[in-house]
Amino acid sequence: MELRLRLLLAALLCWTCVCCANTDRAIDPSNSRVWGPGVEIPDRATLPARYFFIEPRDAESKKINESQKYDVHIIGQSRFGSCRYRLSQVDRHDGSSIIRYKLAESCSDVSIHVRHNSVHLSGSPFVIPGTLYSEQCYCPQGSVDEWLETVGCPLGDPQIDMDLIPFRAINFSSLRTRMIQQYDKPGSISHCNYVILRNQVHRRCYGQHTGFSKFMDTILLSLARKFTLPDMELFVNLGDWPLVKKGGQSRTTGPFPIFSWCGSDDTFDIVMPTYDITESTLENMGRVMLDMLSIQRRGVPWAEKHPRAFWRGRDARRERLELVALARFYPDLLNASLTNFFFFREEESEFGPRVAHISMHDFFDYRYQINVDGTVAAYRLPYLLAGSSVVLKQDSFYYEHFYRKLVPMRHYIPFEADLSNLLQQIQWARDNDEQAREIRDNANAFINANLLPLDIYCYHALLFKEYAKYIVSPIQVQPGMEKIEQPDEAYHCPCERTTLPRDEL
């Protein structure tokens with residue numbers, strides 16, 4: 001008995017020491033990592049909000065998983081005096097942090113100071129030569145090829161390669177009128193015809209609901225402020241559903257080159273990043289509350305999360321109603337409710353009542369997140385993959401621009417389109433907790449390698465660069481087009497780099 005008591009006390013002492021060692025390890029500033037475009041290439045990667053990462057490490061270069069606070073200051077000069085900026089820290093659930101900063105105006109002689117407990121971390125202060133331009137400055141930085149190279153964008157993308165295969169000689173002189181007539185269905189289809197010529201954006205829109213053209217206008221103008229866009233003409237679908245069906249007209253005359261935010265296995269549409277992730281990129285630290293950086297904010301620790309799957313959304317698809325029905329039969333596995341009825345209003349009495357919207361940050365109080373299609377692909381998937389839960393994704397023939405690089409059981413847990421094995425997959429995640437967490441971690445790494453703000457700019461730039469190569473017709477502003485102007489403040493910047501003289505604008 002005495003021996004067992006001694007062993008128990010020894011084990012308790014050992015456990016206590018290990019816990020102390022894990023929680024009280026001191027940060028070693030020289031071993032801690034600070035990296036990312038906001039400190040490495042902020043002069044080349046002009047973003048609405050620049051960002052970088054901090055990973056705390058101890059004297060043995062081992063990562064520290066506990067939350068930390070950092071003292072970050074930006075010193076520089078602007079035409080108003082000292083450099084003005086806003087800054088925020090996103091404390092991620094793995095111990096690392098994202099630092100975001102947004103410049104009020106262009107700044108020169110900039111140094112970025114990153115300290116912990118008054119001591120500079122490795123590489124700090126980061127001294128930036130030249131000028132850091134505000135995102136609103138019209139200071140194009142060479143050609144699209146030069147920009148892609150200077151900010152380190154990928155050389156290619158499998159989705160872009162696949163999308164452009166059918167379009168090796170695009171002649172709008174013969175296509176334009178037929179395309180406008182084909183999609184002249186004002187009550188159901190809205191689209192815009194764009195021409196980019198000498199880095200100026202022109203468009204004419206067709207249809208009753210053309211408000212979503214603002215997303216395309218804004219990303220094109222933002223790209224044009226960073227580099228010289230290739231001269232090109234393009235048609236952009238403003239709806240959710242892809243338009244260019246395989247078969248039919250496409251079989252005899254070839255498919256029409258239409259850009260869409262969502263693709264499908266039975267269409268030829270050229271897929272761009274969705275308007276949602278594009279807006280969150282453009283409005284980072286602005287008017288949007290949810291973006292690919294802020295969604296990584298630390299939430300409930302894994303051990304404290306509800307061990308159930310979670311879903312909220314509107315009634316955009318029959319499977320969503322069936323998901324709610326499953327949740328009622330298996331509440332120990334699934335929490336799912338509808339927030340609005342539009343498509344199946346007559347069935348609200350059966351599948352309601354509707355529940356209040358909640359912040360997506362609160363989704364991650366649950367270990368497992370369900371992703372079910374809406375009218376097309378559910379555009380929330382990037383945010384779910386970036387969060388602190390593991391994602392279960394419905395099989396679907398709809399896709400976004402990055403789906404081709406996702407791997408089932410590596411980045412998410414798949415389930416059948418008809419939900420027939422969803423409960424089994426939830427149970428598998430519960431029974432294989434370590435593997436589920438590894439899938440979550442892989443998803444987080446995928447997001448940080450492919451879907452952060454700079455990645456979204458890179459994809460647009462690479463897509464337009466490759467697409468423009470295949471246009472064989474002359475690029476001309478068409479009758480009835482309006483010029484989309486840069487914001488007034490775009491020309492208030494003393495640019496050290498421009499590719500177009502001011503009087504050519």
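Owing to the predicted nature of the structure, the values given are computational and were not obtained by experimental measurement.
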Taking the six-membered ring of F415 as reference, does the NZ or CZ atom of K393 fall below 6.0 Å from its centre and within a 45° cone about the axis?
no
Evaluate the criterion side-chain hydrogen bond (donor to acceptor under 3.5 Å, both in side chains) for residue pair S134 and E105; output intermediate values, then yes/no.
CA-CA 5 Å; S134 163; E105 62 273 333; over 6 Å; no
Full working for salt bridge (charged side-chain N to carboxylate O under 4.0 Å, His left out) between K405 and D157:
CA-CA 9 Å; K405 291 183 281 191; D157 188 277; 3.0 Å; yes
Please find the pair of heavy atoms, one from R50 and one from Y133, that lie closest to each other, and give the distance.
NH2-O, 2.9 Å
Do Y194 and D217 get their side chains close enough for a donor-acceptor pair, meaning under 3.5 Å?
yes
Are Y467 and F259 an aromatic pair by the rule of ring centers under 6.0 Å?
yes
Could you check Y379 against Y275 for side-chain contact (heavy atoms from CB on, under 4.5 Å), going step by step and ending with a plain yes or no?
CA-CA 9 Å; Y379 293 168; Y275 62 83; 3.6 Å; yes
Please determine whether the number of non-hydrogen atoms from other residues, nucleotides or ligands lying under 6.0 Å from atom CE of M289 exceeds 12.
no
Ignoring hydrogens and geometry beyond distance, is a side-chain donor-acceptor pair present between E135 and T46 at under 3.5 Å?
no
Counting only N and O atoms by type, is there a donor-acceptor contact under 3.5 Å from the side chain of Q394 to the main-chain atoms of D373?
yes
As an exercise, state the distance from CD of E279 to CZ of F212, rounded to the nearest 0.5 Å.
9.0 Å
Would you call E347-R345 a salt bridge at under 4.0 Å N-O?
no
Any side-chain heavy-atom pair from R100 and I98 closer than 4.5 angstrom?
yes
Could you check whether D94 pairs with K63 (Lys NZ or Arg NE/NH1/NH2 to Asp/Glu carboxylate O, under 4.0 Å)?
yes
Give a yes or no on this: more than 12 heavy atoms of other residues, nucleotides or ligands lie within 6.0 Å of atom NZ of K62.
no
Any side-chain donor paired with an acceptor under 3.5 Å for N448 and Q296?
yes
F310 and F363 aromatic centres sub-6.0 Å
yes
Report, as yes or no, whether the 6.0 Å neighbourhood of atom CD on Q424 holds more than 12 heavy atoms from other residues, nucleotides or ligands.
yes
When you look at OH of Y330, are more than 12 heavy atoms from neighbouring residues, nucleotides or ligands closer to it than 6.0 Å?
no
Can you name the residues that form a disulfide bond (SG atoms under 2.5 Å apart) with C107, not counting sequence neighbours?
C83
Within the 3.5 Å criterion, strictly below it, is a donor on R380 or N371 matched to an acceptor on the partner's side chain?
no
Parallel, tilted or perpendicular: rings of W261 and F215 (30°, 60°):
perpendicular
Taking side chain as C-beta onward, heavy atoms only, is Y398 less than 4.5 Å from Y403?
no
All side chain to side chain donor-acceptor pair (under 3.5 Å) counterparts of Q369, not counting sequence neighbours
none
Does R318 have more than 12 heavy atoms from other residues, nucleotides or ligands lying within 6.0 Å of its CZ?
yes
Closest heavy-atom contact between C458 and L148?
O-CD2, 4.0 Å
Which pairs, with at least one residue in residues 348-366 and sequence neighbours excluded, count as a side-chain hydrogen bond (donor to acceptor under 3.5 Å, both in side chains)?
N335-Y366, N340-R354, E348-R354
Under the side-chain hydrogen bond (donor to acceptor under 3.5 Å, both in side chains) rule, what do S388 and K305 come out as? Steps first, then yes or no, please.
CA-CA 10 Å; S388 59; K305 293 179 185 290; 2.8 Å; yes
